[in-house]
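See below for the structure under consideration.
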Amino acid sequence: MAKKNFYITTPIYYPSDKLHIGHAYCTTVADAIARYRRLVGDNVLFVTGSDEHGQKIQRKAEENGLSPLEYVTGIVENFKLLWEKLGISYDDFIRTSEDRQHKTVQYFFQKLYDQGDIYKSVYEGKYCTPCEAFWLERQLVDGKCPDCGRPVEDMQEESYFFRMSAYADRWFKFIEENPDFIQPASRRNEMINFVKQGLEDLCVSRTTFDWGIPVPFDSKHIIYVWFDAVINYITAAGFMDDREKYKTFWPCDIHLVGKEIVRFHSIIWPVMLMAMGEPLPKKVYGHGWLIVEGDKMSKSKGNVVDPLLLIEEFGADAIRYFLLREVTLGQDGNFSRDALINRINADLANDLGNLLHRSVSMIERFNQGVIYKAEELTQFEEQLRELVKETVATYEQHMDNLEINEALKAVWALISRSNKYIDETGPWALAKKPGGKGRLDTVLYHLAEVIRVVAVLTSPFMPVTSKKIFDQLGLPNPEAFVLSDAQRWAVIPSGTPIAKGEPIFPRIEIKEDTVEEPVKPAAKKPAEQSAVEEVTIDEFARIELRVARVLAAEKVEKADKLLKLTVDIGGAERTIISGIALHYQPEELVGRDVVMIVNLKEAKIRGIASRGMILAASDGEGRLQVVEAPGMAAGSKVK
RNA sequence: GGCGGCGUAGCUCAGUUGGCUAGAGCAUUCGGUUCAUACCCGAAGUGUCCGGGGUUCAAAUCCCUGCGCCGCCA
């Protein structure tokens with residue numbers, strides 16, 4: 001049978017900042033799907049990348065004294081590092097700054113211009129000079145810039161426009177003929193609703209910055225973000241430079257995207273392709289967001305979770321498992337440290353890890369470390385084998401429907417059944433029983449086989465773990481895991497020596513309250529801020545926060561981290577000790593208006609009475625910044 | 001404001017076209033087991049299915065309404 005070709009993409013991420021757990025989630029899902037398709041035997045192209053152009057990047061690069069490309073390259077290296085640590089098996093990493101992308105975008109632009117789908121006109125809007133940003137009337141807040149709140153002025157800019165309006169009917173027709181194009185269905189309905197209000201032409205060029213792809217025939221115009229970004233998907237498929245590859249992989253099977261960009265992928269991008277006469281992707285899947293401790297993740301809330309730290313602490317496979325098992329694709333999912341540890345302990349350590357460990361232990365102890373094939377069957381073996389068959393079938397069905405967490409559920413039901421099987425058959429009793437050898441071998445063989453099947457099935461989700469399992473079972477690691485191995489039974493040759501190892505997932509012991517560090521109140525890593533108890537507004541009100549002006553600051557002798565501050569809290573002076581000396585020189589604090597807890601119980605630090613504590617934000621990676629309220633009168637209440 | 005969705009056990013959620021005694025996992029309690037990572041197996045639960053009306057022999061499920069939360073509206 002000819003191999004099926006399968007092309008899946010993640011969004012290309014914007015390298016203005018570090019990637020957070022949400023990006024890791026999306027890419028992990030894509031990776032799991034890509035690995036599953038390879039497991040099934042498909043010929044897979046899995047592409048991720050970076051969306052490097054735009055004004056924001058240009059400005060950040062300038063701030064750092066770098067060229068945009070230099071600036072962005074450093075960040076992209078970090079992207080790749082994260083993907084490596086997370087075990088992402090991408091086939092291609094496309095950067096929009098690459099030549100192949102420039103060529104493709106300009107080709108698109110030129111062709112659409114030549115056929116009249118792109119035209120030059122005037123973009124009218126409100127312009128915020130400090131932000132260098134255009135806004136539409138309806139985006140303004142009280143008539144002012146929604147970003148900075150400053151006044152805006154009328155502005156006109158010559159721009160190129162893409163004639164989207166001409167394609168609404170064709171888009172509807174396409175959606176009707178391809179009801180599964182946008183998933184989940186709720187997103188589809190939103191998009192239909194959106195287009196029903198009519199499609200406007202889209203502004204696709206800007207003249208306010210130059211870090212980007214120029215309009216081929218009008219170089220003072222830069223092709224604007226979405227237009228130049230989405231084209232990456234077709235560039236990476238070889239549209240310009242490898243027609244053979246293009247024919248193989250385009251149209252794309254799945255664009256996996258966050259729900260916030262479904263519109264660009266399910267309306268603008270298909271319409272662009274229609275205009276170009278190219279085939280449309282088969283599916284746009286909008287996944288949900290990760291909610292952190294009940295809150296949307298955002299920089300301003302300071303609850304951004306760094307996936308690299310998590311990987312270091314728990315291992316990539318555990319993180320991958322959590323994301324894939326806990327979250328239903330298409331819905332928002334909850335991320336919390338407690339839930340993560342709970343999953344690791346319950347599912348990975350207790351169920352799977354312990355199943356493997358107790359099985360190889362018994363093979364070692366009762367059978368001198370050798371797996372023997374035997375067939376003294378009872379109803380228990382029959383039931384177990386029956387469930388194996390069912391599990392592989394349900395697994396396939398769920399994976400084909402992108403119900404990854406359901407597929408995992410099915411595998412874990414099998415793991416559970418296997419633990420029960422041990423109880424039912426009692427190998428330790430068989431080992432003592434005269435004449436029990438045949439039964440014992442049978443049971444241990446069935447255990448080894450089930451675990452082998454489990455390792456194959458979980459390989460798209462936990463590739464490193466699958467290999468570890470094979471190692472411990474004494475099986476050679478295959479070049480690539482294949483699903484047909486899970487569909488076959490009795491693969492392990494009789495006489496296979498196992499190689500028992502350490503438990504593959506150690507239990508995570510939850511530490512009781514970490515020791516208080518009065519000097520470094522804000523030094524907890526964001527990832528450790530889980531399990532925070534809720535407080536009422538009244539409880540919060542007991543903490544009196546005030547603006548304090550720093551009058552004097554000096555280092556505390558024989559202490560690297562401590563500063564002694566004298567502050568004015570509105571008519572009264574206080575002396576406090578603060579553990580911020582590594583981050584601030586004493587003199588740069590003087591005159592600042594900081595936020596302070598004034599009713600903190602007095603503490604003696606290095607012999608000095610400290611009455612109060614100033615607030616500081618820290619990210620667990622060594623950065624720290626005191627919380628300020630510049631210009632507020634000393635003593636102002638903060639709440 | 002317009003359109004759409006959601007509200008089920010302490011927690012996270014499943015409940016297909018109305019037909020159960022309303023379920024699963026985790027957490028909790030109790031019992032068993034000793035191969036195993038205080039693990040595994042078994043048992044026990046607990047529910048105004050958001051509130052109030054209505055349709056029906058029958059409503060978590062359909063209709064109306066109130067409350068709360070969420071999404072989309074370039």
Side-chain angles (χ1 to χ4, degrees), chain A residues 123 125 134-139 161-162 164-165 168 182 184-204 224-226 258-264 266-268 271 286 288-289 291 294 296 322 325-328 330-336 338-367 380 403 405-406 408-410 412-413 415-432 440 443-444 447 500-510 531:
Chain A
Y123 183 93
F134 277 99
W135 301 104
L136 293 170
E137 191 78 47
R138 59 174 167 261
Q139 293 176 300
F161 285 82
F162 173 47
M164 294 244 296
S165 55
I182 305 170
S186 54
R187 300 283 156 212
R188 175 176 182 264
N189 295 336
E190 284 174 7
M191 293 308 115
I192 290 172
N193 227 318
F194 178 82
V195 179
K196 269 187 187 158
Q197 296 164 40
L199 281 178
E200 289 172 21
D201 290 349
L202 183 73
C203 174
V204 291
Y224 190 53
V225 278
W226 281 104
K259 62 181 182 182
E260 75 283 6
I261 52 174
V262 167
R263 204 178 71 222
F264 299 101
S266 63
I267 300 174
I268 299 176
V271 168
W289 289 346
I291 307 298
K296 272 187 205 168
F322 176 84
R325 171 65 184 80
E326 189 84 6
V327 184
T328 301
Q331 296 184 1
D332 288 353
N334 291 302
F335 179 91
S336 78
D338 285 355
L340 171 64
I341 291 177
N342 199 28
R343 280 277 171 217
I344 292 175
N345 281 346
D347 297 0
L348 298 181
N350 294 352
D351 293 349
L352 173 59
N354 188 47
L355 173 65
L356 172 68
H357 197 245
R358 68 197 297 214
S359 299
V360 292
S361 289
M362 287 190 285
I363 292 167
E364 189 168 81
R365 219 164 123 177
F366 305 143
N367 254 9
F380 297 127
E403 293 156 349
N405 60 338
E406 294 295 330
L408 277 163
K409 256 186 221 171
W412 254 257
I415 290 169
S416 235
R417 185 65 187 79
S418 306
N419 273 318
K420 184 174 176 172
Y421 171 73
I422 296 179
D423 259 48
E424 289 168 339
T425 53
W428 52 91
L430 294 173
K432 288 183 202 145
L440 178 65
V443 170
L444 296 180
L447 280 174
K500 183 183 169 187
E502 291 302 305
I504 48 175
F505 290 103
R507 276 182 69 84
I508 309 213
E509 299 308 329
I510 300 156

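What you see is a predicted model, and the numbers here were worked out from it, not measured in a lab.
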Side chain of [X] (C-beta onward), nearest among [options]:
| X | options | answer |
| --- | --- | --- |
| H357(A) | A27(B), C40(B), U37(B) | U37(B) |
| R358(A) | A36(B), C41(B), C3(B) | A36(B) |
| E190(A) | C13(B), G25(B), G71(B) | G71(B) |

N/O (side chain, [X]) to phosphate O (OP1/OP2, [N]) under 4.0 Å:
| X | N | result |
| --- | --- | --- |
| R263(A) | A74(B) | no |
| N189(A) | C72(B) | no |
| R325(A) | U12(B) | no |
| T328(A) | A14(B) | no |

Contact class for [X] vs. all strands (heavy atom < 4.0 Å): base, sugar-phosphate, or nothing?
| X | value |
| --- | --- |
| R507(A) | base |
| S418(A) | nothing |
| P427(A) | nothing |
| F505(A) | base |
| D332(A) | nothing |
| L199(A) | base |
| G286(A) | nothing |
| E260(A) | nothing |

Listed by chain and number, what are the salt bridge (Lys or Arg N to Asp or Glu O under 4.0 Å) partners of E424(A), not counting sequence neighbours?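 Listed in chain order: R417(A).
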In chain order, what residues pass the side chain to side chain donor-acceptor pair (under 3.5 Å) check against S186(A), with sequence neighbours excluded? none
Search all heavy atoms of S336(A) against all heavy atoms of A339(A) and return the closest pair with its distance. OG-N, 3.0 Å
Not counting sequence neighbours, which residues clear side chain to side chain contact (heavy atoms under 4.5 Å, CB included) with N189(A)? List them please.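 Not a single residue meets the side chain to side chain contact (heavy atoms under 4.5 Å, CB included) criterion with N189(A).
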Would you list the protein and nucleotides 5-8 of chain B atom pairs, both N or O, that sit under 3.5 Å from each other?
none

Pairing partner of [N] (Watson-Crick or G-U wobble, both distances under 3.5 Å):
| N | result |
| --- | --- |
| U33(B) | none |
| C72(B) | G2(B) |
| G19(B) | C57(B) |

Distance check needed: C35(B) C1' versus R365(A) CZ, whole Å only. 7 Å
Give every pair of a protein N or O atom and an N or O atom of nucleotides 42-46 of chain B that lie under 3.5 Å apart, one pair per line with the distance.
residue	atom	partner	partner atom	Å
G42(B)	OP1	K420(A)	NZ	3.1

To the closest 0.5 Å, what do you measure between OG1 (T328(A)) and CG (N405(A))?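 Reported value, rounded in 0.5 Å steps: 4.0 Å.
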Let me spell it out: for each of K259(A) and M164(A), pick the nucleotide of RNA chain B with the closest heavy atom. Which residue's pick is nearer the 5' end? K259(A)
Residue closer to the 5' end of RNA chain B, L348(A) versus S416(A) (nearest nucleotide):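 Its nearest nucleotide lies further toward 5', so the answer is L348(A).
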Would you say the side-chain atoms of W226(A) pair up with the backbone N or O of F264(A), donor to acceptor, closer than 3.5 Å? no
I182(A) and its side-chain contact (heavy atoms from CB on, under 4.5 Å) partner, picked from R187(A), E190(A), R263(A):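 Only one of R187(A), E190(A), R263(A) forms a side-chain contact (heavy atoms from CB on, under 4.5 Å) with I182(A), namely R187(A).
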With sequence neighbours excluded, tell me which residues meet ring-ring contact (aromatic ring centres under 6.0 Å, His included) with Y421(A).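 In terms of ring-ring contact (aromatic ring centres under 6.0 Å, His included), with neighbours along the sequence ignored, Y421(A) is linked to no residue.
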